[in-house]
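Encoded as structure tokens, the structure appears first; notes follow it.
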Amino acid sequence: MASRQLVYLNGEFVPHSEARVSVEDRGFNFADGIYEVVRIVGGRGFRIEAHLDRFLGGARALEIELALSRDDIREAMLETARANGVDEGTVYVQLTRGAAPRRHAFPEGVRPTLVMLAQTFPGPSSSDREDGVSVITAPDLRWGYCEVKTIGLLPNVIAQQHAKCEGCYEALLIRDGRVTEASHSSAFCVRDGVIYTHPIDNILPGITRRFLIDAYRNEGVQVEERAVAVEDFRSADEVFLTGTTTEVMPVVGIDQAKVGTGKPGDITRLGMELYRRDLEAARTGGAG
Ligand code: PLP
């Protein structure tokens, strides 16, 4: 089937083997997109209006701007089924924010990627329907696995976009009232000379975070890996972020309120210096 299958790709039908999307597509990099599966029965879309409602609602929620109208999309779905001779089957529709250099925040002026594939589907197996099936139970982890550096970054993308819209560098992520990390960096606060950061428990174990914790401790600065309430971040003496591209970044404001003196603090500056030294040592072939 696949070899003769025609794929709808951004307004054109192309053979399956020739259909390509960019390696920088945000669906690939960030799971930044939505999909829909529509049943085709007797060559017609089954409950197609409800599927269109959900699809267009999802695109609106993610602020993905479609150049196509609802009618255009409906027609493309049905045409994908017709072009593949699918009378009884499904049309899979995927929309992503499009291809752009990899930055979390939404790119500007980028055309979304719209792909549709049709395949024959006779319905679930009749013996399963007759006899019934068994299931297991599993935790709902759709937004979990934060300790794995997965490409399932849509929540991070949305948080970063909100930060950008507020003219901010980053978004601190809050779970159960506590700061876990930030959208693409690790988060620290300093209170009365002690540094606090969330333990490695459903957050990304940042490489830079680990280096800084050890480096501070070597300098005799106390570091506690403990979850801290967002209020304690707001009223902290200092707040800073760390990451491979963030390095050690002082935070001087949270939600438009000043942190500490509103200037990078001494403990943060020490971390910046420890980081800089390690980077320089690595550059010249030393530590790192
Ligand atoms: N936390 C999140 C969610 C990140 O995406 C990143 C880096 O991309 C970090 C923390 C910082 O990790 P590292 O220091 O390994 O770059």
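Atoms within a ligand are numbered from 1 in the order they appear, just like the ligands themselves.
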Can you say whether the rings of Phe211 and Tyr275 are parallel (under 30°), tilted (30 to 60°) or perpendicular (over 60°)?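 Geometry flag for Tyr275 against Phe211: perpendicular rings.
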
Please determine whether side-chain hydrogen bond (donor to acceptor under 3.5 Å, both in side chains) holds for the pair His184 and Glu170, giving the CA-CA distance in whole Å, both sets of side-chain angles, and the decisive distance to 0.1 Å. CA-CA 8 Å; His184 63 279; Glu170 250 291 27; 3.1 Å; yes

Exercise: do Glu238 and Thr268 side chains pair donor with acceptor under 3.5 Å: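 There is such a pair between these side chains.
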
Is the distance between the ring centroids of Phe188 and Tyr196 under 6.0 Å?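 No, too far apart.
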
Please determine if Arg97 forms a cation-pi arrangement with Phe30, meaning its NZ or CZ atom is less than 6.0 Å from the six-membered ring centre and no more than 45° off the ring axis.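 So Arg97 doesn't make the cation-pi contact.
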
Only one of Arg70, Arg54, Arg44 forms a salt bridge (charged side-chain N to carboxylate O under 4.0 Å, His left out) with Glu49, so which one is it?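 It is Arg70, the one option of Arg70, Arg54, Arg44 that forms the salt bridge (charged side-chain N to carboxylate O under 4.0 Å, His left out) with Glu49.
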
What does the N/O contact table under 3.5 Å look like for ligand 1?
{"unit_1": "ligand 1", "atom_1": "1 (N)", "unit_2": "Glu181", "atom_2": "OE1", "d": "2.7"}
{"unit_1": "ligand 1", "atom_1": "1 (N)", "unit_2": "Ser185", "atom_2": "O", "d": "3.4"}
{"unit_1": "ligand 1", "atom_1": "8 (O)", "unit_2": "Lys149", "atom_2": "NZ", "d": "3.0"}
{"unit_1": "ligand 1", "atom_1": "14 (O)", "unit_2": "Ile207", "atom_2": "N", "d": "3.3"}
{"unit_1": "ligand 1", "atom_1": "14 (O)", "unit_2": "Thr208", "atom_2": "N", "d": "3.0"}
{"unit_1": "ligand 1", "atom_1": "14 (O)", "unit_2": "Thr208", "atom_2": "OG1", "d": "2.6"}
{"unit_1": "ligand 1", "atom_1": "15 (O)", "unit_2": "Ile207", "atom_2": "N", "d": "2.8"}
{"unit_1": "ligand 1", "atom_1": "16 (O)", "unit_2": "Thr244", "atom_2": "N", "d": "2.9"}
{"unit_1": "ligand 1", "atom_1": "16 (O)", "unit_2": "Thr244", "atom_2": "OG1", "d": "2.6"}

